[in-house]
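Below: the structure, in C-alpha cells.
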Amino acid sequence: MKIITKIKDLQSDLLLLKSNGKKIGFVPTMGYLHEGHEALLAQARANNDVVVLSIFVNPLQFGEGEDLDTYPRDIVHDEQVAKKHGVDYIFYPTVQEMYPDDMSVTVKVHKNTDVLCGASRPGHFDGVATVLTKLFNIVQPHNAYFGMKDAQQVAVVKGLVKDFNFPIEIIPVDIVREEDGLAKSSRNVYLLSEEREEAPHLYKSLQSAAEKIAEGERNANRLKQEIRGYIEKHTSGIVDYIEIYSYPELGELTELKGQIIIAIAVKFSRARLIDNVTVEIG
Ligand code: AMP
C-alpha cells in the first residue's frame, strides 16, 4: 500500500496502471474510518484491480460555525483499516495541495440542494461537487463508491457525473449500522453518553414509519408528524428536518408512491446526526 500526498505522483502511477488495462475503484472519504467506510472499501476491493482511498477533510463543504477544526482525525488507525481491506493507494493531500491560492474555478450545484442538508447547510454540496470534480480528474476511476447514509450526496454526485460527462460508474452502498441501529458515523464520537443511548431512536422512528407505509399509510404529513413526535418523546435532540421525498429526484410528495426517501437530521449538543430509509411503494 502506498500513501501519496502529491497529486502528480498519484496521477502518474494511476495513468500507468490504467494504460495497462487495470480497473480502478475509488472510495472518497474524510477519514476517521469506521465500518461504514469499510463496506465501501470491501465492495471496491471485490470489483476492481486497484483500490484508491482518499482521505481529505474538505474545508469547502463545511459552513461557518461547523466542525471543520474539530472534525475527528486518526491517520494511523485509517492506515490500518486500509491495509486490512487491501487498499492499494491512500491519497492524503494537504489543503494547500488540493486548493492552491490561485484557484479560480469552483462547481455550483443547482438541483437537489434546496432541500434536506442542502437547505440547512448552504454551500455544502458546492463544496462536495468541487472536491469530487478534482478527485475524479485526479484518480480517473472506473467505479466510485458512495454510502446511502448520505443519500442526497449520492443524488448530487450522480447529477455531477451525468452533467460533466465523467465516464465513472457511481455505486451506492447500503447504510452500515451499529447493533442498536444507529447509523455509523465519524461524528458519533461527539455524542454525550446519554445522547448515545437515545440516538438509536432515530432509526427506530424511521423503521416505524416504514412499517406504517407497509400497512397502507400514504399520507406524508401524518408520517412526518409521527416521526417528529417519536423523536421528541424519546430523545433530547432538536429536529433539524424530517422530510419525505421521491428518490433520487428529491421532489415533494403529498401522496406516497414509487421510490421514496424518509430522511431526518437531528441536532444533539455537539453532533448533528442524519439518517434515512428508502422505501419502494408498489
Ligand atoms: P465521510 O468520510 O463521512 O465523508 O464518508 C465517506 C463515505 O462513506 C461517504 O460516501 C459516506 O456516505 C460513506 N459512509 C459514511 N457512513 C456510512 C455508513 N454508516 N454506511 C455506509 N456508508 C457510509
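Just follow the structure's listing: the first ligand is 1, and inside any ligand the first atom is 1. Any value given below was found using the heavy atoms of this structure, including those in side chains, with hydrogens, waters and symmetry copies removed.
- At a cut-off of 3.5 Å, with distance as the only test, a side-chain donor of E195 or S269 sits close to an acceptor on the other residue.
- Near K184, with a cut-off below 4.0 Å to any heavy atom, the atoms of ligand 1 are 16 (N), 17 (C), 18 (C), 19 (N).
- Looking at ligand 1, you won't find any N or O of V173 less than 3.5 Å from one of its N or O atoms.
- When non-hydrogen atoms are compared, ligand 1 lies under 4.0 Å from neither the backbone nor the side chain of R177.
- From the protein, the heavy atom lying nearest to atom 11 (C) of ligand 1 is D150 OD2, 3.1 Å.
- For T29, no nitrogen or oxygen atom sits less than 3.5 Å from a nitrogen or oxygen atom of ligand 1, counting backbone and side chain alike.
- Nearest protein heavy-atom neighbour of atom 20 (N) of ligand 1: V176 N, 2.8 Å.
- Counting protein heavy atoms only, atom 3 (O) of ligand 1 is closest to Y71 OH, 3.9 Å.
- With hydrogens and angles ignored, the 3.5 Å screen pairs a side-chain donor or acceptor of T29 with a backbone N or O of S54.
- Side chain to side chain, D67 and Y190 meet the donor-acceptor criterion of an N or O pair below 3.5 Å.
- Ligand 1 places these atoms under 4.0 Å from at least one heavy atom of M30: 1 (P), 2 (O), 4 (O).
- The protein atom (non-hydrogen) at minimum distance from atom 5 (O) of ligand 1 is H37 NE2, 3.4 Å.
- Contact atoms of ligand 1 toward P28: 6 (C), 7 (C) (distance under 4.0 Å to a heavy atom of the residue).
- Of the candidates K83, K84, R45, E38 forms a salt bridge (Lys or Arg N to Asp or Glu O under 4.0 Å) with just one, namely K84.
- Residues N58 and Y99 bring a donor and an acceptor atom of their side chains to less than 3.5 Å of each other.
- Regarding atom 10 (O) of ligand 1, its nearest protein heavy-atom neighbour is G147 N, 2.9 Å.
- Taking a cut-off of under 4.0 Å to the non-hydrogen atoms of F146, the atoms of ligand 1 that pass are 10 (O).
- Distances below 4.0 Å separate heavy atoms of Q153 from the following atoms of ligand 1: 9 (C), 10 (O).
- Here is the list of ligand 1 atoms found below 4.0 Å of a heavy atom in D174: 20 (N), 21 (C).
- Atoms of ligand 1 found under 4.0 Å from any heavy atom of I175, numbered from 1 in the order shown, are 20 (N), 21 (C).
- With 3.5 Å as the limit, one finds a donor-acceptor pair spanning the side chains of D13 and Y89.
- Residues E198 and H234 have side chains that never bring a donor and an acceptor to within less than 3.5 angstrom of each other.
- Checking N143 against N48 by side-chain atom types alone, a donor-acceptor pair falls below 3.5 Å.
- At a heavy-atom distance under 4.0 Å, only side-chain atoms of L40, from C-beta outward, approach ligand 1.
- In summary, the atoms of ligand 1 found under 4.0 Å from a heavy atom of H34, numbered by their order in the structure, are 15 (C), 16 (N), 17 (C).
- With a heavy-atom cut-off of 4.0 Å, E35 does not touch ligand 1 at all.
- When each of I3, L135, D9 is tested with F91 by the rule side chain to side chain contact (heavy atoms under 4.5 Å, CB included), just one qualifies, namely L135.
- With a 6.0 Å radius and a threshold of 12 heavy atoms from other residues, nucleotides or ligands, E64 has its CD atom at or below the threshold.
- Of the candidates V139, I168, D49, I24 forms a side chain to side chain contact (heavy atoms under 4.5 Å, CB included) with just one, namely V139.
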